[in-house]
Amino acid sequence: MEHKYVLKNYFGAARNYQINYQKELTEEQLPIVTAPGGPMLVIAGAGSGKTRTITYRVAYLVESGVPLDRIMLVTFTNKAAREMVSRVESLLKLDIRELCGGTFHHVGNMILRRHAKLIGYESNFTILDRADAKDLIDNCVADCGIDTKAKRFPKGDSLAGLFGLAVNTGRQVPDVIARNYAQFEPQTEEIEQVYKMYNQHKRKSNLMDFDDLLFNWWKLLAEHDEVAKRYAGKFLHLLVDEYQDTNHLQAKIMDVIAREHRNIMVVGDDSQSIYSFRGAHFKNIINFPKVYPDAVVHMLEVNHRSTPEILMIANASISLAKEKFDKRLKANRPNGEKPAVVPLINVFSQASFIAQRMLELRDEGDSLNGMAVLYRSHYQSMEIQMELTKRGIPFEVRSGIRFFEEAHIKDVLAFLKIFHNPKDEISWTRILKLLPKVGPRTAEKVFQHISQTIDAVAAITAEQSVGLVPAAAQRDFKIFQQTLRDLQDKIDSPAEMIKIIAGSNYAEYIKGQYANFRERLEDLEQLGSYATQFKSLEDLLSSLALVSGIESETIVDGGEVEKEACVLSSVHQAKGLEWKTVFVVWLADGRFPSYLSFNKDEEMEEERRLFYVAVTRAKDNLYLTYPLVYSGYEGEVILKESRFLEEIPEGYYEKWAVEEEKRSSWPGSGWEEKNEEVIDLSDYREVKVQDKRDNFEAIDISELMGG
């Protein structure tokens, strides 16, 4: 016999329910799920059961008599939408396809199909994916008569990101360029011309890109009040997931649809708002009670994921945020181990510590699948990838492709390889094709010429070699020749060679080629840092080749895909995920938080939220590590402990000291936990220290070590 549970529904009338909401929900969740109508803001702390709360709310509304087609549930990912719909179906044991649910773009697409003619489109419009949008933009650049080779004009995918940011933030293209794409400012007028033509092409060809699905949805509602009234009247209840990640357009669309019945429930965590670079607007969630003065604010503060000790770190940090909703995560688990703060002598020791600790935890019975290394920027994973590969520890990179498979890293290594092996046709062809107006045929022609000479580098840098390339390419070819001469002078220092390449015209190529050029230049700096330990090109290239060989052997010999692997991920990619053991690395000021956020309050606040997200991914074990010494282009630099670590009360963590063993084959390959500080920094007594303004000054290292 089917059980029925009597509750008052949101209309205030007694009703029988299949689900025992009192039993299945926590004291925090139940009032939210069974709340009456009206605007609601649910601040859902990390690990507090946000998805469960939303799905039970939908189930409760349906059981209360709200028709499925009068409920709208919008999420940010297809995965989240599928999971929520599946859970509701499982709870109610009925088909809920009539529910209007999915991502913002999915719901926008459905509505636009019905009213396309009102905004100048046919209902059978085509949605451009990212690759198609890039190709169309590239065609528009050509149609505008812009010589992309001569001016290093931005590529289509970079422009697609730029145009999308303009649409989603409601800003003009010149403003977006000035604030987010400063490297493109000299081409602002031409970029505006391309943007105009791109929009004309889309309308003419009945095309929309993903950003248009939001913009045109908003345009439809704003310009056609009869349509706005129709949907505002239709939907009795509106539920929005991850509200802290909404942009201007998404918030305005939801406000229009909620304006008649005003039953809007938004769920999110202001402390996890970390996507401003995508156009997310932090103020949407902060200002919700101002937009809806009668809104009821609910807090989900009981964390079902992490130990109390981990949450103490998270709470201590986020409590210092300047703008926030006051909440304090409370653990629903027994006490565990204190998090460990681990300073290491350098990045190699940091990598070695992580690998060694992983192996120890695995020996104790933990799976690698439950371990993750989180970092602020992708370049910070380089030495860790190298060390894990050396030790045969399988890993999955979530922040991008493996470091030495990145195109810009391969480009720079190709420059180095031609000095080590001047007969390397693959490397010569690769770097020649980077030059404007030099294609495969010209590159082959140049290589055939120099391959017949005794000294290929001398041949290509000779004055007469300029005639091998088209006239339009000769100016850049001469700059290329000078770069090769500069490299020849530094052939005994791989690190100096990398510095020269990173400071040459290749840097301009990266700026025009990639929207994330800053991150890629940081990658090159990190590669240069790695190279400082090698005395010759042969040593460096051999080391990299051997590591690549280990990776290849693992793939060939394994036969099957590794079922057990740790995860390497940026914090941005890790949001929403969890692991038993988490290593948060590079916690040095200027690295995490990034130096780009210094003296910028809003950006520094987002860096703090990023740290909060990183810490709250850990369930049982949390290791917070940072290198003390960094070997960069400026020489030996001492990095200060991250301000986020400095702010945490000492009693909240254990400070581990690591004994460094000198290893000739791999820097910092040994470590041992000690009760006292044993790191020997005597070799670094007079070095430069990076302060919080990213300035440098010489100090005595003993000041940092307490004497």
Side-chain angles (χ1 to χ4, degrees), residues 148-150 152 155 403-514 520 523-524 527-528 530-531 534 536-549 552:
T148 58
K149 295 289 187 180
R152 292 289 191 195
K155 296 290 184 180
F403 193 84
F404 292 104
E405 295 172 5
E406 297 270 11
H408 57 297
I409 300 298
K410 286 188 169 185
D411 290 343
V412 171
L413 292 179
F415 273 97
L416 302 187
K417 287 176 181 178
I418 63 168
F419 284 92
H420 180 247
N421 175 17
K423 294 182 180 180
D424 185 344
E425 181 178 2
I426 294 174
S427 295
W428 274 114
T429 301
R430 186 180 190 98
I431 63 174
L432 285 166
K433 285 164 61 179
L434 294 173
L435 297 172
K437 300 295 184 182
V438 173
R441 289 185 181 178
T442 302
E444 182 181 359
K445 176 183 174 183
V446 173
F447 178 75
Q448 289 303 321
H449 169 73
I450 63 175
S451 64
Q452 297 170 17
T453 64
I454 298 174
D455 187 339
V457 174
I460 200 169
T461 55
E463 188 176 343
Q464 57 268 32
S465 293
V466 177
L468 295 171
V469 300
Q474 290 181 2
R475 175 182 170 277
D476 288 285
F477 189 79
K478 289 177 182 178
I479 296 173
F480 170 69
Q481 287 179 312
Q482 186 57 51
T483 299
L484 294 181
R485 294 187 193 103
D486 294 341
L487 291 172
Q488 181 79 60
D489 292 340
K490 298 292 184 180
I491 198 167
D492 292 329
S493 174
E496 283 294 322
M497 294 180 75
I498 294 169
K499 180 179 180 180
I500 289 169
I501 298 165
S504 69
N505 256 24
Y506 184 69
E508 296 305 312
Y509 167 81
I510 288 181
K511 289 179 181 179
Q513 187 81 1
Y514 305 109
R520 291 179 186 260
D523 288 349
L524 298 189
L527 180 63
Y530 175 76
F534 298 97
S536 70
L537 269 180
E538 183 171 339
D539 289 344
L540 171 63
L541 296 174
S542 295
S543 174
L544 298 181
L546 288 173
V547 171
S548 299
S552 300

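When all heavy atoms are compared, the tightest approach of G528 to A495 is O-CB, 3.5 Å. Across every non-hydrogen atom of A507 and A502, the tightest pair is CB-O, 3.2 Å. The minimum heavy-atom distance between K437 and P470, with the atom names listed, is O-CG, 3.8 Å. For the residue pair L468 and K445, the shortest heavy atom distance occurs at O-NZ, 3.6 Å. Minimum interatomic distance between S427 and A414 (heavy atoms only, all atoms of both residues): CB-O, 3.6 Å. For L435 against D476, the heavy-atom pair with the smallest separation is CD2-O, 4.1 Å.
Side-chain N or O atoms of W428 include one that pairs as donor or acceptor with a backbone N or O of P422 at under 3.5 Å. A donor-acceptor pair under 3.5 Å links the side-chain atoms of T483 to the main chain of I479, judged by distance alone. S465 contributes a side-chain N or O that, together with a main-chain N or O of A459, makes up a donor-acceptor pair within less than 3.5 Å.
How far CD1 of I431 is from NZ of K417: 11.5 Å, rounded to the nearest 0.5 Å. Taking NZ from K410 and CG from L413, the interatomic distance works out to 9.5 Å, rounded to the nearest 0.5 Å. Here the straight-line distance linking atom OH of Y509 with atom OG of S504 works out to 12.5 Å at 0.5 Å rounding. A distance of 10.0 Å separates CG in D489 from CE in M497, rounded to the nearest 0.5 Å. Considering CD1 of I500 and CD of Q488, their distance stands at 11.0 Å, rounded to 0.5 Å. The CD1 atom of I460 sits 7.0 Å away from the CD1 atom of I418 when rounded to the nearest 0.5 Å.
When only modelled atom types and interatomic distance are considered, R485 and Q482 share a side-chain donor-acceptor pair under 3.5 Å.
Two residues are said to be in side-chain contact when any heavy atoms from C-beta on lie closer than 4.5 Å; I498 and L416 meet this criterion. Counting heavy atoms from C-beta on, the side chains of L432 and F480 come closer than 4.5 Å. Within the 4.5 Å cutoff, the side chain of Q481 has heavy atoms near those of the V466 side chain. In this structure, L524 and I501 have side chains that are not in contact, with every pair of non-hydrogen atoms separated by 4.5 Å or more. Considering only heavy atoms from C-beta on, D411 comes within 4.5 Å of R430 through its side chain.
For F419 and F415, the ring centers sit 6.0 Å or farther from each other.
Atom CD of Q474 is surrounded by more than 12 heavy atoms from other residues, nucleotides or ligands within 6.0 Å.
By the salt bridge (charged side-chain N to carboxylate O under 4.0 Å, His left out) test, E508 pairs with K511, sequence neighbours left out.
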